[in-house]
Amino acid sequence: MYTLLLCLIYLAFISLGLPDSLLGSGWPVMHLELGVPVSYMGVLSTIISLGTIVSSLFSSRLTRRFGTSGVTVASVFITAAALLGFSVSGNFLLLMVFAVPYGLGAGAIDAALNNFVAQHYSSRHMSWLHCFWGVGTIVSPFVMSHALTLGAWNLGYRIVGFLQLGIALVLLLTLPVWKKVPGRVSEEEKAVGILETLKIRGVPSLLLGFFAYCAIEATAMNWASTYFVSARAIPPEQAARFASLCYIGITAGRFLGGFVMNRLGDRRMIVLGASILCCGCVLLLIPGSTPLAFAGFLIIGFGCAPVYPCIIHSTPYNFGQENSGAIIGIQMASAYLGATLTPLAFGVLGRIAGFWILPVYLLVFAALMVSMTERTFRITAKNRK
């Protein structure tokens, strides 16, 4: 049953990844058909992220009341409905409306499942869990690319929406599995308030480091297609396909990283991943070479791979299991805040200075991420002593 439950959690994380890469891969065409500026993608991503922030902050309370399984199933159904809503939207205002459940469905499931795996499984499984999120993010750009070749971005959302609905039905039918795994589904955690959580030593720097990482991931993913079109003069249909390189790098890195994470530990893996993603940014700075730009996004994704799961997995160790549910919920809110503000800010910056500036933008946040996560590990080591 433990193995079956883990497979269901992996499936749920595929569903979490499916919507994440659709907007960025389809936007170069979507904004033209909708008649809005390219920077308006930041408006939609902001609404989606605000929804995830709200649901993340309440995730600990929701999980204690309905259980991880209940929160998971409900969240997947909500995101499926939002995706199908996108598929029938013909104007930007409707997209803004459906962006609300789009975000609300993601935050609660993200926090609940991350906390569950961080408490009950090793860092190896945490890495593979997020690898399956990467599977979802890889599938969507190819679906959207196929839809764009047929001249209908709405079709891309419709296909992914039905995939999401199918996953939701599987999770609903297998709800009894959670009840048959004793000791693995207990939700008895300390009820820690948001302000009380923020006062724990090491939490503020952890949140800032996580904010910086998600700034890197979200900006690279959301603006990859636009970067290829604007800075490398690649046709939009091809750019949507090549935008998946970052997702492929993340997915491959998390699969391979799972074999060494238990040996190297969370802290070393974070530093190693940051070093690799900086190398990818350097490749993007080399002018005139499109193949190097492709390699750059692949390497950026590979470097990003261990950072997110290792930061999450280290939370119960650094702060105690009794606090981990509340802290991880706020971490998710911090993550989505980074995913909200920084792509929006880059949209404005790119329109002013040119989208070629993307790698410089990413390097600034990489430096902030490493400094803050290292500070967190130093503080919590002193707390344990």
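A quick note: this is a predicted structure, and the numbers were derived from the prediction, not measured.
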| message | I'd like to know whether CZ of Arg375 has more than 12 heavy-atom contacts from other residues, nucleotides or ligands below 6.0 angstrom. | response | no

| Is the shortest heavy-atom distance from the side chain of Phe297 to the side chain of Phe228 under 4.5 Å? | yes

| query | Within a radius of less than 6.0 Å around CZ of Phe259, do more than 12 heavy atoms belonging to other residues, nucleotides or ligands occur? | reply | yes

| Are Val97 and Val54 joined in one hydrophobic group, where the rule is that I, L, V, M, F, W and Y side chains link up if heavy atoms are under 4.5 Å apart? | no

| message | Would Leu84 and Val88 count as a side-chain contact (heavy atoms from CB on, under 4.5 Å) here? Give the steps. | response | CA-CA 7 Å; Leu84 293 174; Val88 297; over 6 Å; no

| task | List the atom of Leu22, the atom of Met144, and the distance in Å for their closest heavy-atom pair. | result | CD2-CE, 3.7 Å

| query | Strictly by modelled atom types, are Thr380 and Asn318 linked by a side-chain donor-acceptor pair under 3.5 Å? | reply | yes

Report all side-chain donor-acceptor pairs from residues 353-361 shorter than 3.5 Å, counting only partners two or more places apart or in another chain.
from   : atom 1 : to     : atom 2 : distance (Å)
Trp356 : NE1    : Ala353 : O      : 2.9
Tyr361 : OH     : Thr342 : O      : 2.8

| Where Ile312 and Ala118 come nearest, the two heavy atoms and their spacing | O-CB, 4.0 Å

| Pair Thr376-Ser205, side-chain hydrogen bond (donor to acceptor under 3.5 Å, both in side chains): steps then yes or no | CA-CA 6 Å; Thr376 300; Ser205 56; 2.9 Å; yes

| task | Please list all pairs passing the salt bridge (charged side-chain N to carboxylate O under 4.0 Å, His left out) test where one or both residues lie in residues 206-225, with sequence neighbours left out. | result | Glu217-Arg254

| query | Which heavy atom in Met41 sits nearest to a heavy atom in Asn222, and how many Å separate them? | reply | CE-O, 3.1 Å

| Heavy-atom side-chain contact between Trp223 and Val38 under 4.5 Å | yes

| message | Under a 3.5 Å threshold, yes or no: a donor from one side chain and an acceptor from the other, between Ser25 and Ser225? | response | no

| task | Evaluate the ring planes of Tyr157 and Trp153, with Trp represented by its six-membered ring, and classify them as parallel (under 30°), tilted (30 to 60°) or perpendicular (over 60°). | result | perpendicular

| query | Quick one: does Leu104's side chain get under 4.5 Å of Thr52's, heavy atoms only? | reply | no

| Side chain proximity check, Leu206 to Ile327, heavy atoms < 4.5 angstrom | yes

| task | Kindly give the heavy-atom pair with the smallest separation between Ala333 and Leu57, and that separation in Å. | result | CB-CD2, 3.6 Å

| Are Leu23 and Leu32 grouped together when hydrophobic residues (ILVMFWY) are joined by side-chain heavy atoms under 4.5 angstrom apart? | no

| request: Take Ile47 and Val100, measure what side-chain contact (heavy atoms from CB on, under 4.5 Å) needs, and give me the verdict at the end. | output: CA-CA 6 Å; Ile47 296 172; Val100 175; 3.9 Å; yes

| request: Assert yes or no for the condition that the ring centre distance of His130 to Phe13 is strictly below 6.0 Å. | output: yes

| remark: In short, Gly329 meets Ser59 closest at the heavy-atom pair CA-OG, 3.8 Å

| said: Nearest 0.5 Å, please: how far is CD1 in Ile109 from CE in Met332? | reply: 12.0 Å

| task | Determine yes or no for a side-chain-to-main-chain donor-acceptor pair under 3.5 angstrom, with His313 supplying the side chain and Met126 the backbone. | result | no

| said: Around atom CZ of Phe92, are there more than 12 heavy atoms from other residues, nucleotides or ligands closer than 6.0 Å? | reply: yes

| said: Assigning hydrophobic clusters by single linkage (Ile, Leu, Val, Met, Phe, Trp, Tyr; side-chain heavy-atom cutoff under 4.5 Å), is Leu175 placed with Phe77? | reply: yes

| request: Go through the steps for Ile9 and Phe116 under the test side-chain contact (heavy atoms from CB on, under 4.5 Å), then give the verdict. | output: CA-CA 10 Å; Ile9 293 172; Phe116 187 85; 3.8 Å; yes

Could you give the side-chain donor-acceptor pairs of residues 301-311 under 3.5 Å, partners two or more places apart or in another chain?
from   : atom 1 : to     : atom 2 : distance (Å)
Tyr308 : OH     : Asp110 : OD2    : 3.2

| field | Ser87 vs Asn154, side-chain hydrogen bond (donor to acceptor under 3.5 Å, both in side chains): CA-CA, chis, key distance, verdict | value | CA-CA 4 Å; Ser87 74; Asn154 306 75; over 6 Å; no

| task | Check whether Leu150 and Val160 end up in the same hydrophobic cluster, where Ile, Leu, Val, Met, Phe, Trp and Tyr are linked by side-chain heavy atoms less than 4.5 Å apart. | result | yes

| field | Pro19 versus Tyr102, closest heavy-atom pair with distance | value | O-OH, 2.7 Å

